[in-house]
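Convention: sequence-line order gives letters A, B, ...; per-chain numbering from 1.
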There are 2 protein chains.
Amino acid sequence: MPSDTKARIQAVARELFAEQGVRNTSLRQISDRLGITKPALYYHFASREDLVRSIVQPLIDDHDRFVTARGPGDPRELLEDYFEMIWRHRQVFVMVLNDLATLGQLDLTDRLFDWRRRLVGLLLGADVTQEQRIRATVALGGMSDCTVEYAGLPIEEVKPTAVHAAAAALGL
Amino acid sequence: MPSDTKARIQAVARELFAEQGVRNTSLRQISDRLGITKPALYYHFASREDLVRSIVQPLIDDHDRFVTARGPGDPRELLEDYFEMIWRHRQVFVMVLNDLATLGQLDLTDRLFDWRRRLVGLLLGADVTQEQRIRATVALGGMSDCTVEYAGLPIEEVKPTAVHAAAAALGL
DNA sequence: GTCTATAATTCGATAGAC
DNA sequence: GTCTATCGAATTATAGAC
């Protein structure tokens, strides 16, 4: 192999992006952690944006492929395949979460997990199995997505169904 | 009222943050849209971080209050109250989504909505009621949250339950 | 409370040697 | 392929007049 530097840059960038957010990460930080200089990055990537794009592109391609090259079929099977697909890209999803976390200097990530833990406690009591916890994540996370996707609608048109679906996910 | 400028600054900031992401928004853009100058902002906020914090703080306070000042009770009622609480903060959630969208120059927001639309089509066919669409959002969004919250676990410990809960949310 | 002017820093990016 | 050196632009933040 003539050079794996390009891949190493991407690995370190992914790491830093997930740690502290994309926009909060400078090329200098990336080159420092690699032990090389900033201009060296420009030999492998035309621009900062080119580097970022190269990291997010696989997620885009996989999603595009999934929604196009696929016919109607068993919904359950589709849910399973879809889960496996987004699972492979979970590091990029963590990137987003940590972009939120670094908005201020607020440690929002820690808070977020603590809130979830306590919410699950309120929902299901103190003793919860891992299975119940996962179900609760689907319920609470699914509702959260509704507030984004239907942000423009009146709440009465969203809340009843969203709550109903969340309760079903919980097994209630 | 001695001055509502502080509130107007926050309103414009929230607007721009949701439009183009937090880190991509400069104080100059905020002051420009308000028709004032940048130093004027510093009369009302000690720093840029202080401004951002003042916008995110209500979400933090509401979450803290929700998980503390509340005993165990009817799970269904809790889901409803929780939904109403996060619904009030949906603008902040959109901020995060758009921070993702502006990572590169990729129009990820549009893509995201398009993927969701097509996934719902694959799951439920062409004719979908609004109710089915919301249920699908809970299912797909909930699974997506699992990939973040349990990113460190082996997939076999997450996927079966996550898919099962998603199917239940869909009414399958 | 808002302005003009500017300091201080950081960032992305390039030139050119090796 | 990587380095030193540096440019130009943008950003946060401050000083001081009004």
Side-chain angles (χ1 to χ4, degrees), chain A residues 1-57 95-96 98-108, chain B residues 1-57 95-96 98-108:
Chain A
M1 59 205 81
S3 149
D4 64 337
T5 308
K6 188 165 183 169
R8 296 204 309 127
I9 293 173
Q10 289 173 319
V12 167
R14 237 191 310 266
E15 214 173 283
L16 283 170
F17 289 164
E19 265 178 39
Q20 56 187 16
V22 176
R23 199 70 191 187
N24 285 318
T25 303
S26 65
L27 297 183
R28 181 180 144 74
Q29 287 178 295
I30 297 173
S31 60
D32 274 4
R33 184 171 289 201
L34 273 164
I36 63 177
T37 59
K38 216 167 35 167
L41 299 180
Y42 280 91
Y43 177 83
H44 299 279
F45 297 95
S47 65
R48 176 198 151 93
E49 191 186 321
D50 187 37
L51 169 59
V52 175
R53 185 180 295 263
S54 80
I55 288 177
V56 185
Q57 198 63 45
M95 267 169 44
V96 194
N98 282 29
D99 252 17
L100 168 66
T102 58
L103 290 189
Q105 234 63 332
L106 328 149
D107 53 340
L108 271 186
Chain B
M1 59 206 82
S3 150
D4 64 336
T5 308
K6 187 163 183 170
R8 297 204 307 128
I9 293 172
Q10 289 172 319
V12 167
R14 236 190 311 268
E15 214 174 284
L16 282 170
F17 289 164
E19 266 176 39
Q20 56 187 15
V22 176
R23 202 68 190 187
N24 284 319
T25 302
S26 66
L27 296 183
R28 181 178 142 74
Q29 287 178 297
I30 296 172
S31 60
D32 274 5
R33 183 171 290 198
L34 272 164
I36 62 178
T37 60
K38 217 170 28 168
L41 299 181
Y42 280 90
Y43 176 82
H44 299 279
F45 297 95
S47 65
R48 176 198 152 93
E49 192 186 319
D50 186 37
L51 168 60
V52 175
R53 184 180 296 263
S54 80
I55 288 177
V56 185
Q57 198 62 44
M95 267 169 44
V96 193
N98 280 30
D99 253 16
L100 169 67
T102 58
L103 290 191
Q105 232 64 329
L106 328 148
D107 53 342
L108 271 187

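Judged purely by atom type and a 3.5 angstrom limit, A:Q57 has no side-chain atom pairing as donor or acceptor with the backbone of A:S54.
Separating the CZ atom of B:R48 from the P atom of C:dA8 is a distance of 22 Å, rounded to the nearest angstrom. Between the CD atom of B:E49 and the P atom of D:dT11 there is a distance of 18 Å, given to the nearest Å. The CZ atom of B:F45 sits 19 Å away from the P atom of D:dT11 (whole-angstrom rounding). Whole-Å rounding puts the A:D50 CG to C:dG12 C1' distance at 14 Å. The OH atom of A:Y43 sits 20 Å away from the C1' atom of C:dG12 (whole-angstrom rounding). The distance between atom NE2 of A:H44 and atom C1' of D:dG1, rounded to the nearest whole Å, is 6 Å. In this entry the distance linking OH of B:Y42 with P of C:dT6 reads 18 Å, nearest Å. Distance CG (B:D32) to P (D:dT11): 10 Å, rounded to an integer number of Å.
Between B:R48 and B:V22 there is a side-chain heavy-atom pair separated by less than 4.5 Å.
Side-chain N/O atoms of B:T5 include none lying less than 4.0 angstrom from OP1 or OP2 on C:dG1.
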For B:S31 and B:T37: C-alpha separation, side-chain torsions, deciding distance, then whether side chain to side chain contact (heavy atoms under 4.5 Å, CB included) applies.
CA-CA 5 Å; B:S31 60; B:T37 60; 5.6 Å; no
List the steps, then state whether side chain to side chain contact (heavy atoms under 4.5 Å, CB included) holds for A:E49 with A:V52.
CA-CA 5 Å; A:E49 191 186 321; A:V52 175; 5.6 Å; no
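Nearest heavy-atom pair across B:L51 and B:I30 is CD2-CD1, 3.9 Å.
Out of D:dA13, C:dT14, D:dT11, the shortest distance to the side chain of B:S26 is found at D:dT11.
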Show the distances under 3.5 angstrom between N or O atoms of the protein and N or O atoms of nucleotides 3-7 of chain D.
| unit_1 | atom_1 | unit_2 | atom_2 | d |
| --- | --- | --- | --- | --- |
| D:dC3 | OP2 | A:T37 | N | 2.7 |
| D:dC3 | OP2 | A:T37 | OG1 | 2.6 |

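Taking a 6.0 Å sphere around CZ of B:R33, one finds it holds more than 12 heavy atoms contributed by other residues, nucleotides or ligands.
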